[in-house]
Number of protein chains: 2
Amino acid sequence: MNGENNFFKSAFSVDNVIFGFDDGDLKVLLIKRGAAPFQGLWALPGDLVYPNEDLDTAAYRVLEELTGLKKVYLEQVHTFGSVERHPLGRVITIAYFSLVKISDFTLMASSFAQNVEWLNVDDAMKSELAFDHNKILETCFNALMHRVRIRPVGFELLPPKFTLTELQHLYEAILSTELDKRNFRKKILSMSLLTDIEEYQEGVPHRPAKLYQFNKERYQQLEAHGFSFEVKESKKKEKKKRLAELIAR
Amino acid sequence: MNGENNFFKSAFSVDNVIFGFDDGDLKVLLIKRGAAPFQGLWALPGDLVYPNEDLDTAAYRVLEELTGLKKVYLEQVHTFGSVERHPLGRVITIAYFSLVKISDFTLMASSFAQNVEWLNVDDAMKSELAFDHNKILETCFNALMHRVRIRPVGFELLPPKFTLTELQHLYEAILSTELDKRNFRKKILSMSLLTDIEEYQEGVPHRPAKLYQFNKERYQQLEAHGFSFEVKESKKKEKKKRLAELIAR
DNA sequence: CTAAAATGCCGTAAATTAAACACTAAGAAC
DNA sequence: GTTCTTAGTGTTTAATTTACGGCATTTTAG
């Protein structure tokens, strides 16, 4: 090292928890590591941040290099910087999550990746991931759970046209809860954020459902007037009762 | 620079938005910079992270070196890493906010600080701060607003024994809203998170108010059973009506 | 052609929660 | 003892949330 002090011996990276939704399941895109350290384990896509690159830019780059997708929802979540988190040196990492429509997804040829796969989020959380990526995944999943309640970001995971049942299943997957069909539909429709495009599902072996589109302009307009999106996970009545008793004591 | 590649030409720092509450006002602790760059401007307390130091540890260190306080509420908020945010090189910074009881506070002798002061948060946000600290302050204030609604962290800003009116004023300051006295008291007391210690204010020129303590154990116990703390900023009825009409269209 | 299977779609009553609102009580200062 | 200041308290009304069952539409199999 030359005259510079050793504050400049460190590096930073971004890691990206890329969520997708398919067939009622919430998934995360992982890469099987082809080289040490942690060879053979699943890891989050990530990369060192270039010297002249903003953090968000780096996160978008990682995403695009991997999936070819450009305009996706991306949000910074947390920075992980334990001294020993990276075996090869001091590398802190800024974690992002992004939401992509699996239907848009095309895997890019990627030199550093041996193997890329959509894994069910629950399964991924249970398996051993490289580095501190279990912790990162968990943190980002919690952030998603939280975000999805207060912002209409769930739509980022669905194709442009979707049915109310698909939307409900998405929420159920993210919130790990069951929702009442009638109440869910009532609530979502009452927000008037969905455009009824007068189209119906095709090729389904049952009564086809209406298709809707998320009306982003409408949302922004309402938001500007103080509207706040909110979906709650239904606290079941039994639970509420038990809690009320506990509090009463 | 020697053989190391230039990913390792960068550094990272922590910056700490230290909130306090005094006399009905929410304050933030700032340092007047004694040296270039940004000499003479107010700045958030912060420092480079040592090579062998975890991020949280660095944030606690900054806080303790400045205030002497050890056990305080501290939370990571966001990482700021624009290429041009620091004039002297690539320095990304991890922003934290912390909540301290001003009554506990004793200013430490601090070599690098010319001048340390509690500034009203609104005033601080309006003035020009060093670096990107306006942005950081704003982000952390928003994070506090948000956090205070869903976690009982406000108590960290109050002395151990406080009156309900003080608590209400705290919430009003953080949420920038007015709350109905009776409804607020009803709601807070119904959570049974406060211990009535049968003590009263002294030395006030009016009827003394009861003092309460926050019961942390109780909170943790309830939380474990699914209790969720929640304070809403009252959506005034007029606003709600206007919004409802907008949605109906 | 009919029946069965699958999912879509609808509305109301009851319970809970939130909002609005005004007077009496206690102590200190004069 | 009068005045001043803040503390403390309950009820009614409106809004929101929850619970809940049955008929409708389409495809497929027989």
Side-chain angles (χ1 to χ4, degrees), chain A residues 23-24 149 161-169 171-172 175 177-191 194 196-212 226-245 247-248, chain B residues 23-24 149 161-172 175 177-191 194 196-212 227-245 247-248:
Chain A
D23 195 26
R149 285 180 215 185
K161 302 172 181 181
F162 50 85
T163 69
L164 290 179
T165 303
E166 284 166 350
L167 183 63
Q168 182 179 342
H169 288 159
Y171 272 91
E172 290 176 335
L175 301 176
T177 190
E178 287 200 0
L179 300 169
D180 179 274
K181 186 160 55 157
R182 278 180 292 189
N183 292 338
F184 180 81
R185 296 163 95 90
K186 216 186 314 172
K187 175 158 207 166
I188 294 289
L189 289 175
S190 75
M191 294 177 180
L194 301 187
D196 175 352
I197 52 178
E198 307 274 332
E199 287 181 45
Y200 292 82
Q201 278 182 312
E202 284 174 25
V204 287
H206 54 77
R207 174 176 175 181
K210 257 192 183 171
L211 295 172
Y212 291 87
F227 170 77
S228 84
F229 184 88
E230 217 173 303
V231 178
K232 294 182 189 158
E233 48 184 326
S234 73
K235 326 173 188 173
K236 296 268 168 60
K237 222 173 199 174
E238 323 126 46
K239 284 190 191 174
K240 273 171 83 176
K241 282 251 171 76
R242 264 189 284 123
L243 195 57
E245 283 160 25
I247 288 176
Chain B
D23 196 26
R149 284 181 215 185
K161 301 171 180 183
F162 51 85
T163 70
L164 290 178
T165 303
E166 285 167 349
L167 183 64
Q168 183 181 340
H169 287 160
L170 170 64
Y171 272 91
E172 289 177 336
L175 300 176
T177 189
E178 287 200 0
L179 300 169
D180 178 273
K181 184 162 58 155
R182 280 183 286 194
N183 292 338
F184 179 80
R185 296 162 95 92
K186 219 185 312 171
K187 177 158 205 165
I188 293 289
L189 289 175
S190 76
M191 293 175 180
L194 300 187
D196 175 352
I197 52 176
E198 306 276 333
E199 287 181 47
Y200 293 83
Q201 277 183 312
E202 283 173 27
V204 288
H206 53 76
R207 174 174 178 182
K210 258 193 184 171
L211 295 171
Y212 291 86
F227 169 77
S228 85
F229 184 87
E230 216 170 300
V231 179
K232 294 183 191 159
E233 49 184 325
S234 71
K235 326 171 189 173
K236 296 268 168 60
K237 224 170 199 176
E238 322 125 47
K239 284 191 192 173
K240 273 170 83 177
K241 283 251 170 76
R242 262 188 288 123
L243 194 57
E245 282 160 24
I247 288 177

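Heavy atoms only: backbone and side chains are in, while hydrogens, waters and symmetry mates are out. Numbered from 1 within each chain, the chains take letters A, B, ... in sequence-line order.
Looking at B:Lys210, its side chain has no donor and acceptor atom pair within 3.5 Å of the base of D:dG8. On a pure distance criterion of 3.5 Å, a polar donor-acceptor pair joins the side chain of B:Arg182 and the base of C:dA22.
Atom P of nucleotide C:dC10 and atom CD1 of A:Ile188 are separated by 15 Å, given to the nearest angstrom. Rounded to whole Å, the distance from CG on B:Leu167 to C1' on D:dA7 is 15 Å. The interatomic distance linking B:Glu199 (CD) with D:dA7 (C1') rounds to 17 Å, in whole Å. Atom-to-atom, CZ of A:Phe184 to C1' of C:dC10 comes out at 16 Å; the value is rounded to the nearest Å. When the C1' atom of C:dT17 is taken as reference, atom NZ of B:Lys187 falls 9 Å away, rounded to whole Å. As a whole-Å value, the separation of B:Lys232 NZ from C:dA18 C1' is 8 Å. In this structure, B:Asp180 atom CG and D:dG8 atom P are separated by 15 Å, rounded to whole Å. If you take CG of B:Leu243 and C1' of D:dA15, they are 14 Å apart, rounded to a whole angstrom.
Side-chain N/O atoms of A:Thr165 include one lying less than 4.0 angstrom from OP1 or OP2 on C:dG8. Side-chain nitrogen and oxygen atoms of A:Arg185 include at least one within less than 4.0 Å of the OP1 or OP2 phosphate oxygen of C:dC9.
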What are the atom names and distances for every N/O pair under 3.5 Å that joins the protein to nucleotides 24-30 of chain D?
{"from": "D:dA24", "atom 1": "N3", "to": "A:Arg207", "atom 2": "NH1", "distance (Å)": "3.1"}

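Residue B:Lys186 is in base contact, counting any heavy-atom pair closer than 4.0 Å across all strands shown.
The shortest side-chain heavy-atom distance between B:Thr163 and B:Gln201 falls under the 4.5 Å cut-off. Counting heavy atoms from C-beta outward, B:Lys181 and B:Gln168 have side chains that approach closer than 4.5 Å. Contact of the B:Arg185 side chain with the B:Thr165 side chain is registered, since non-hydrogen atoms from C-beta on lie closer than 4.5 Å. Contact annotation: the side chain of A:Leu179 approaches that of A:Tyr171 to within less than 4.5 Å [non-hydrogen atoms, C-beta and beyond]. Between A:Tyr212 and A:Leu164, the closest side-chain pair of non-hydrogen atoms falls below 4.5 Å.
At distances below 3.5 Å, not a single donor-acceptor pair connects side-chain atoms of B:Glu172 with backbone N or O atoms of B:Glu178.
Salt bridge annotation for B:Glu199-B:Lys161: present, with a cationic side-chain nitrogen under 4.0 angstrom from a carboxylate oxygen.
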